[in-house]
Amino acid sequence: MAMQIIQKKPESLTDKEFTYCPGCTHGITHRLVAEVLDELGIREKTVTVGPVGCSVFAYQFFNTDATVAAHGRAPAVATGIKRARPDLCVFTYQGDGDLAAIGTAEIMHAANRGEKITTIFINNAIYGMTGGQMAPTTLLGMKTTTTPYGRNSNNDGYPIHVSEIIKETKGVAYLARVKVNTPQDVQKAKKAIKKAFLAQLKGIGFGMVEVLSTCPTNWGLDPVAALKWLDEHMVPEYPLGVFVDKVGDEQ
Amino acid sequence: MAMQIIQKKPESLTDKEFTYCPGCTHGITHRLVAEVLDELGIREKTVTVGPVGCSVFAYQFFNTDATVAAHGRAPAVATGIKRARPDLCVFTYQGDGDLAAIGTAEIMHAANRGEKITTIFINNAIYGMTGGQMAPTTLLGMKTTTTPYGRNSNNDGYPIHVSEIIKETKGVAYLARVKVNTPQDVQKAKKAIKKAFLAQLKGIGFGMVEVLSTCPTNWGLDPVAALKWLDEHMVPEYPLGVFVDKVGDEQ
Amino acid sequence: MAERVLVKGTEAIGEAAVRAGCRLFFGYPITPQNELPEYMSKRMPEVGGSFLQTESEVATINMVYGAACTGRRVMTSTSSPGFSLMQEGVSYMAGAELPAVLVNVVRGGPGLGDIQPAQGDYWQATKGGGHGDYKLIVLAPSTLQEAVDLIGLAFDLADEYRNPVIVLADGVIGQIMEPVTFPEFRDPDTLPKHDSWALQGAVGREKHVVTSFDIDPVVLEKMNFELVDKFERIESKEKRWEEYKLDDADVVITSFGTIGRISKSVVEKAREEGIKVGLFRPITLWPFPYERLEEIVKGKKLVLDVEMNMGQMLEDVKLAVKDNAPIAFYKRMGGMVPTPEEILNALKMELGR
Amino acid sequence: MAERVLVKGTEAIGEAAVRAGCRLFFGYPITPQNELPEYMSKRMPEVGGSFLQTESEVATINMVYGAACTGRRVMTSTSSPGFSLMQEGVSYMAGAELPAVLVNVVRGGPGLGDIQPAQGDYWQATKGGGHGDYKLIVLAPSTLQEAVDLIGLAFDLADEYRNPVIVLADGVIGQIMEPVTFPEFRDPDTLPKHDSWALQGAVGREKHVVTSFDIDPVVLEKMNFELVDKFERIESKEKRWEEYKLDDADVVITSFGTIGRISKSVVEKAREEGIKVGLFRPITLWPFPYERLEEIVKGKKLVLDVEMNMGQMLEDVKLAVKDNAPIAFYKRMGGMVPTPEEILNALKMELGR
Amino acid sequence: MPKVKGMIEINQERCKGCGLCISVCPTKVIEFSDSFNSKGYHPAEAKAMDKCIACSFCYHICPDVCITVYREIESA
Amino acid sequence: MPKVKGMIEINQERCKGCGLCISVCPTKVIEFSDSFNSKGYHPAEAKAMDKCIACSFCYHICPDVCITVYREIESA
Amino acid sequence: MTTRIIFAGFGGQGVMLMGQILSLAGMLEGKHVTWMPSYGPEMRGGTANCTVVMSDEEVASPVTEKAEVVVAMNIPSLLKFQDDVIPNGFLFINQSVIDRDSNRTDINVIKVPCNEIADELGNLKVSNMAMLGAVVGGTDIVSTDNLFKALEKKLGSKASMIEINKQAVMKGYELAKASLVK
Amino acid sequence: MTTRIIFAGFGGQGVMLMGQILSLAGMLEGKHVTWMPSYGPEMRGGTANCTVVMSDEEVASPVTEKAEVVVAMNIPSLLKFQDDVIPNGFLFINQSVIDRDSNRTDINVIKVPCNEIADELGNLKVSNMAMLGAVVGGTDIVSTDNLFKALEKKLGSKASMIEINKQAVMKGYELAKASLVK
Ligand SMILES: Cc1ncc(C[n+]2csc(CCOP(=O)(O)OP(=O)(O)O)c2C)c(N)n1
Ligand SMILES: Cc1ncc(C[n+]2csc(CCOP(=O)(O)OP(=O)(O)O)c2C)c(N)n1
Ligand code: SF4
Ligand code: SF4
Ligand code: SF4
Ligand code: SF4
Ligand code: SF4
Ligand code: SF4
Ligand SMILES: [Mg+2]
Ligand SMILES: [Mg+2]
């Protein structure tokens with residue numbers, strides 16, 4: 001009898017320690033992306049396009065060629081790379097401030113063009129990096145540093161449903177909303193991420209996964225409580241599901 | 001027996017002649033908006049926010065206080081006005097380049113905030129003002145000055161369905177797609193425009209009407225043929241309909 | 001007598017704006033100025049004003065444009081990359097002659113840079129980061145008290161000249177706490193109404209139009225010439241600066257903002273060592289006080305310009321000094337703030353001591 | 001011998017780019033440069049390149065950033081308001097040291113302005129319209145032949161220095177047709193590959209990273225200093241200008257681009273009237289040829305700077321001339337192009353004739 | 001079937017001769033004028049006014065707001 | 001019910017002591033260590049390794065990729 | 001010597017092409033030439049126009065307020081540009097569309113029935129070439145030889161079209177020559 | 001005289017508040033003061049810290065590399081800042097959390113069992129006030145009078161809390177005084 005490794009840090013991650021807060025699920029999603037790159041064997045032809053947000057250091061974590069886009073513009077940067085080098089695999093990793101606020105036009109049009117890129121969209125209902133301001137995805141009533149009295153739809157608008165919106169563009173080849181707050185969900189999330197990459201690799205179109213994620217620091221919760229809060233508050237507003245799937249089942 | 005005027009140029013238009021090409025249906029929609037302002041008696045409390053596009057001169061045509069927003073930013077400008085003066089009625093008038101390309105983020109977020117403004121969105125499948133380049137709404141296969149070989153989804157993406165997308169934001173109180181290429185449709189369009197203003201006046205939320213419109217000049221058609229082309233090509237891609245109606249029926 | 005209170009720079013600026021009658025704030029988060037929108041999100045509802053977190057800086061500046069169209073006092077705040085995104089809108093506002101106060105809490109650049117204090121946006125602020133011929137009035141505070149005072153001035157100048165005014169700060173000004181005295185609340189009735197042009201609904205009057213364009217170049221040129229006239233008026237009336245121990249000085253340090261305050265320590269320390277140093281600190285970066293500086297430097301041994309950038313104000317200093325005195329330059333960049341000691345060393349090097 | 005062909009300015013620029021090996025073009029329509037993206041939309045597929053009409057200028061510049069990350073030659077083109085929207089991205093590109101060619105066909109401003117030829121974006125181009133410390137190499141053609149030649153140079157300089165290069169034109173250059181001679185097509189194998197840093201997939205090598213930031217100010221300052229070194233290298237090596245009939249001149253006209261060509265007629269006409277006028281025309285607006293201009297103006301009766309703006313290059317002229325000669329300025333604005341006759345009149349007024 | 005009697009007025013100086021009104025008039029009241037207006041267009045002209053039924057179609061479709069429509073009423 | 005035998009390794013220097021692994025381990029293998037790591041956190045520690053069933057839950061939920069999971073196999 | 005020519009008319013009248021062919025002819029003649037269109041929203045509904053400057057020296061400003069020659073293809077163009085002709089300059093009027101006279105008496109006015117000429121030749125589209133011929137006939141600014149070479153170059157492939165265009169040019173040319181003699 | 005004090009610790013340890021109260025006390029004392037936080041992504045997972053500069057003259061740079069006083073509330077802070085203390089300066093160590101010694105021998109090191117003090121008083125949250133008291137006790141940079149005034153001002157409404165905070169301050173104060181005597 002011997003011990004065999006069944007799970008370990010994927011090759012597509014560098015050794016650099018994540019800069020995320022303790023218990024922040026950004027890290028889980030990083031690992032999932034790296035596992036998918038490993039499994040698809042595409043690390044050496046992948047370019048990571050990091051955002052501005054807590055994941056601004058993503059370029060240090062993924063063991064691929066990488067750049068950091070201006071806040072919100074990762075889909076445009078990825079488009080530039082992909083048009084120049086269609087043989088490369090290009091993905092963006094973006095937060096909800098980055099993608100759903102300042103970067104709204106870029107993500108909508110990348111999706112609508114069916115740009116052959118993949119986007120990992122971290123919805124944590126908050127601006128993490130800048131200290132807990134309202135995100136477009138912040139829930140109604142939620143207190144943030146810029147909604148000190150709670151988000152009020154009359155002044156601040158409504159939580160934005162990115163996936164529901166993006167599904168209305170024709171260039172999308174794969175689109176799903178997942179969460180990463182239980183081991184089971186983590187494994188499901190990985191399947192979705194893999195498909196979002198396959199949408200690109202197979203040349204079908206734009207692939208995106210919206211990942212419901214925690215921000216213990218700015219939610220003011222301990223990491224374990226944050227996992228639970230996600231189920232109780234985020235999921236009812238942002239139902240999980242596969243919105244578009246033109247990739248089909250993997251054999 | 002005497003002759004009574006039953007239709008004439010509305011008060012909310014100035015005497016300034018439109019700068020549109022002969023037969024361009026921009027003019028029809030201008031008149032409809034003015035008629036609605038007249039009927040609602042709100043000319044004196046209305047501010048027009050013009051776009052950059054062929055309707056850049058809208059500020060001269062509407063007999064209201066008016067400004068011209070930077071290309072695509074009319075919803076932001078309107079938001080600024082409305083937040084400063086909630087007692088005013090503010091509307092934007094925007095083309096498909098203005099609203100659906102460069103101004104994507106601003107219209108999405110104005111809608112999502114339920115900003116109490118009204119938007120008239122002229123979808124003519126082309127950049128009129130700048131000489132007939134592809135718009136996000138240009139049909140597949142359509143030749144424009146920047147799609148000399150016809151719009152190809154693989155390179156240029158797909159016609160974008162603005163109303164279908166915007167309906168997924170929660171702040172919308174009224175949203176419809178109409179056309180103005182027959183007298184009957186023109187009358188229907190007016191009803192929709194009125195409701196989009198009522199959505200604002202009643203404080204329910206954001207109101208928008210997407211108007212399928214002709215561009216005889218850049219479509220390379222005579223004005224009458226353009227009306228027909230609209231039915232034959234635009235309507236199949238952009239089906240008419242009311243997408244959101246929280247205004248209810250007028251008594 | 002107004003009380004001295006210990007406040008954070010961003011809050012000092014926010015409260016000063018509220019007291020100046022500003023009831024409209026639009027902003028998008030960016031470090032190191034987040035506490036300003038955060039303060040406003042709390043404060044605006046308290047005073048019956050309106051705070052909106054926007055979807056981007058591009059949206060922000062256009063909302064500011066819209067709000068300014070109504071003639072009401074409006075402010076926004078951002079940091080370097082955000083201000084770059086505002087350039088089109090700023091150019092529109094200047095062209096349409098719209099009053100507003102824009103705060104740029106500068107951070108290390110270019111690009112994403114870092115979030116530490118810097119002065120690399122001097123050119124952008126003073127030479128027009130946007131397209132076309134326009135000028136923004138640029139005020140550079142070096143202490144919180146001055147920041148508070150300049151905010152009030154900024155609103156007044158914006159209204160008087162119908163021109164956007166930048167308050168150019170940096171992470172030091174934004175993040176520190178210092179004691180300040182706030183002015184009284186402005187009586188809303190004393191604020192300019194701008195009834196002659198603002199968009200307020202054409203009730204019983206001709207319509208008003210606010211725009212930055214005319215398709216006819218003959219007309220646009222006229223508009224341009226009028227702007228130039230206005231800028232010349234501002235240049236002749238609104239130059240502001242501080243002179244510190246210049247009377248007997250052999251060496252003139254030129255610096256602005258945070259470096260301006262640090263330079264005062266340099267002056268003291270240098271004098272302790274017997275080097276007669278004085279400070280010329282422009283408060284309005286535009287209009288820049290060329291004439292006064294030219295006067296001052298005549299016969300001096302050295303002008304030492306110190307900045308947290310690669311030498312941006314330096315060009316204005318050169319325009320003023322010409323061949324009247326030798327000019328040296330000491331810089332830190334990337335968010336590094338020089339200490340008085342290192343500046344003094346640089347000064348001594350230049351003097352060959 | 002290459003053939004002379006009569007082409008439109010925008011097409012001349014486009015074809016010159018294709019011949020320089022550019023196979024990537026991203027652009028958003030804006031008058032007066034629409035014919036350039038239109039030309040590219042036709043031409044790129046013919047040469048196996050890629051043309052994309054973007055959703056906005058903000059997206060454009062970030063696509064250019066992305067494409068430049070791969071080390072391939074990439075170009076965009078816009079006009080004034082569009083260029084303002086690119087400022088954040090431009091600053092990022094300069095910070096990340098990305099080569100690319102950016103064409104700005106300047107129109108009347110500020111704001112929406114008009115669509116006629118103007119030069120009001122000089123400051124924006126030369127002093128950094130974006131935030132932070134960076135410089136763009138700025139080339140200003142005055143004829144179509146020069147535009148063609150400078151496009152090739154622009155790509156080479158961009159690659160050599162890993163820095164964005166602006167070609168600053170105006171509606172005249174963009175819209176006219178003139179005879180030009182095109183260079184041969186560049187052999188793709190002779191183009192720089194940038195293998196040492198470009199993003200191409202980390203096959204059998206360490207990963208490459210392209211970024212404009214470091215959160216640690218100590219490191220960012222180092223990056224900044226390296227940029228400054230590069231800019232100084234460019235300043236020492238890349239200044240370009242034209243001198244025309246300066247040897248015996250009493251009066252020096254300084255002007256660039258379209259006014260540069262018009263000024264040649266002024267020189268001729270003035271000489272017909274016995275006034276010895278010469279022309280100094282900077283071709284690189286940055287780096288600006290200060291030293292040479294300073295040399296030239298010594299002992300001259302007058303320097304007349306002529307621009308289609310409120311006096312932007314004028315500041316650089318002043319920096320060069322200092323007190324060595326009196327400086328006068330003649331301007332048109334808002335899209336108005338001065339005639340040689342009116343410039344000559346202005347000149348005579350200044351000379352008291 | 002009682003026929004409604006209508007009448008239209010066309011602002012010929014404002015008209016751009018696009019012909020939309022002509023194309024929608026159910027009773028063919030309108031034709032192009034033979035003369036030019038000062039913009040250089042052949043404006044629309046109501047050549048068979050007696051056929052006008054005041055349906056307002058022409059008004060609705062006219063993009064340049066050139067048309068005023070009248071209807072005969074019992075005088076008050 | 002044949003019990004799978006597992007084992008985990010925790011990179012304690014990398015660990016941030018968030019406790020997520022502890023919260024999901026079905027057999028309560030993991031607890032916080034009493035000592036600090038050099039970042040100043042109490043890292044996770046597999047205190048009851050014999051209970052490990054190699055379910056990998058801890059691996060899946062660990063946001064800092066600190067955990068390696070082993071499973072006992074028939075030696076080849 | 002520098003000659004400035006403004007061509008103006010409706011969008012569809014081939015005004016730009018006239019200017020471009022003349023420029024090309026000028027280039028073949030060894031002259032310095034520039035061609036500059038008016039651009040922008042004016043095109044909508046208003047006039048389209050372009051300016052050709054032809055000179056023995058390098059061309060300074062391609063933009064011009066005054067011109068030696070103005071070609072008006074429709075009424076709005078006539079109204080807009082007739083005052084820009086320098087004294088003793090030339091004004092060419094497309095008589096087929098313009099039913100009125102110029103207000104200028106200090107210049108040479110040449111009326112050309114462009115549409116009729118084209119009609120006669122069986123293709124309305126060549127009416128602009130009739131006008132171009134008239135301009136060259138009236139001013140001798142380039143040789144007909146170079147004009148024909150330029151025309152061939154511009155029209156390129158459609159060899160069939162070249163003949164009829166040349167005929168239109170010659171008709172206009174002769175008409176102008178004749179009207180000058182008068 | 002200018003004194004620079006760096007307070008450093010975890011986010012939740014009340015580090016910023018300590019600095020602010022000290023600044024306020026300094027202001028009440030009639031001194032020039034500035035308080036400057038470190039900001040940015042460092043806050044994530046790392047240390048939070050702020051710098052107080054207190055001076056008889058106007059404060060020049062609020063940023064500083066060296067300091068007369070460093071307060072380390074946790075291990076990472078100790079590691080990061082202990083080298084910044086000037087010779088003969090002060091290093092305050094939160095003994096409850098930091099189980100190790102400083103590497104410096106040329107400075108005054110004062111260890112304060114903040115949590116224990118707070119625990120004794122029945123509220124863990126006042127451990128930062130114990131430290132603040134120790135700083136004032138160790139350095140006499142402000143009077144306890146002004147310190148208490150500042151404390152009252154900052155804590156404001158919660159009168160109940162003020163007493164226990166003051167007690168924590170005094171415990172720390174006395175402990176520091178005592179440890180200096182040794
Ligand atoms: C143009 C610009 N505006 C604003 C910022 C400041 N900024 C940095 S990250 C961020 C938002 C981060 O939130 P999100 O995208 O949700 O990512 P998270 O940190 O939550 O993962 C903002 C506003 C910036 N860097 N650039
Ligand atoms: C920032 C900026 N980019 C580009 C332009 C140029 N531009 C003016 S109008 C326009 C598009 C017009 O198309 P659309 O919005 O569809 O209106 P239409 O003319 O078709 O009614 C563009 C790209 C501009 N003025 N400003
Ligand atoms: S601030 Fe929130 S999103 Fe950012 S690293 Fe910390 S927990 Fe994660
Ligand atoms: S170009 Fe098209 S949209 Fe613009 S006015 Fe003409 S017909 Fe209308
Ligand atoms: S009102 Fe009706 S019938 Fe009369 S002219 Fe108009 S369309 Fe014809
Ligand atoms: S629809 Fe209007 S513009 Fe068109 S022809 Fe008729 S009256 Fe004239
Ligand atoms: S593998 Fe499963 S049983 Fe073993 S430690 Fe991890 S969670 Fe517990
Ligand atoms: S989940 Fe990972 S980081 Fe968190 S305590 Fe466990 S091993 Fe440490
Ligand atoms: Mg977020
Ligand atoms: Mg359009």
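Quick note on labels: first sequence line is chain A, next is B, and so on, each numbered from 1. Computation of the quantities below employed the complete heavy-atom set of this structure, encompassing side-chain atoms and omitting hydrogens, waters and symmetry-equivalent molecules.
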Problem set entry | Residue part contacting chain C, namely of D:V219, when any heavy atom lies under 4.5 Å | neither
Exercise. Closest heavy-atom contact between C:P217 and D:Q116?
Worked result: CG-CG, 3.7 Å
For this session: Evaluate the side-chain proximity of D:F213 to C:D114: yes if any heavy-atom separation is below 4.5 Å, no if none is.
Result: no
For this session: Locate the shortest heavy-atom distance separating D:M333 from C:E221; write the atom from each residue and the value.
Result: N-OE2, 2.9 Å
Exercise. Which region of D:N309, side chain (C-beta onward) or backbone (N, CA, C, O), has a non-hydrogen atom less than 4.5 Å from a non-hydrogen atom of chain C, or is it both or neither?
Worked result: both
For this session: Could you check which of C:L85, C:V58, C:D133, C:D121 has the highest count of heavy-atom pairs closer than 4.5 Å to chain D?
Result: C:D133
Problem set entry | Leading residue by heavy atom contact count with chain D [cutoff under 4.5 Å; candidates C:S212, C:G120, C:P110] | C:P110
Seminar exercise, completed: Max heavy-atom pairs within cutoff under 4.5 Å with chain D, candidates C:G108, C:G113, C:G311, C:A125, goes to C:G113
For this session: Count the heavy atoms belonging to other residues, nucleotides or ligands that lie under 6.0 Å from NZ of C:K318, then report whether that count exceeds 12.
Result: no
For this session: To the nearest 0.5 angstrom, please state how far the CG atom of C:L112 sits from the CD1 atom of D:I215.
Result: 7.0 Å
Exercise. Based on non-hydrogen pairs under 4.5 Å, which of D:K222, D:Q87, D:Q119 is most in contact with chain C?
Worked result: D:Q87
For this session: Report the option among C:M223, C:R107, C:Q124 that has the most heavy-atom pairs separated by less than 4.5 Å from atoms of chain D.
Result: C:Q124
Exercise. CG/C:D316 to CD/D:E315 distance, rounded to the nearest 0.5 angstrom?
Worked result: 6.0 Å
Problem set entry | Engaged part of D:F83 at the chain C interface, taking heavy atoms whose separation is under 4.5 Å | neither
Problem set entry | Pick from D:S79, D:G335, D:G95, D:S80 with the largest number of heavy-atom pairs that fall under 4.5 Å of chain C | D:S80
Exercise. Can you name the closest pair of heavy atoms from D:H131 and C:G111 and give their distance?
Worked result: NE2-O, 2.7 Å
Problem set entry | Structural part of D:Y122 lying under 4.5 Å from a heavy atom of chain C | neither
Exercise. Of all of C:G109, C:P81, C:G130, C:A118, which one pairs up most often with chain D through heavy atoms under 4.5 Å apart?
Worked result: C:P81
Seminar exercise, completed: The interface call for C:V218 against chain D, heavy-atom contacts under 4.5 Å, is both
Exercise. Which atoms of D:Q312 come close to chain C, meaning under 4.5 Å heavy atom to heavy atom: side chain ones, backbone ones, both, or neither?
Worked result: side chain
Problem set entry | Value rounded to 0.5 Å, distance of CE in C:M310 from OH in D:Y134 | 10.0 Å
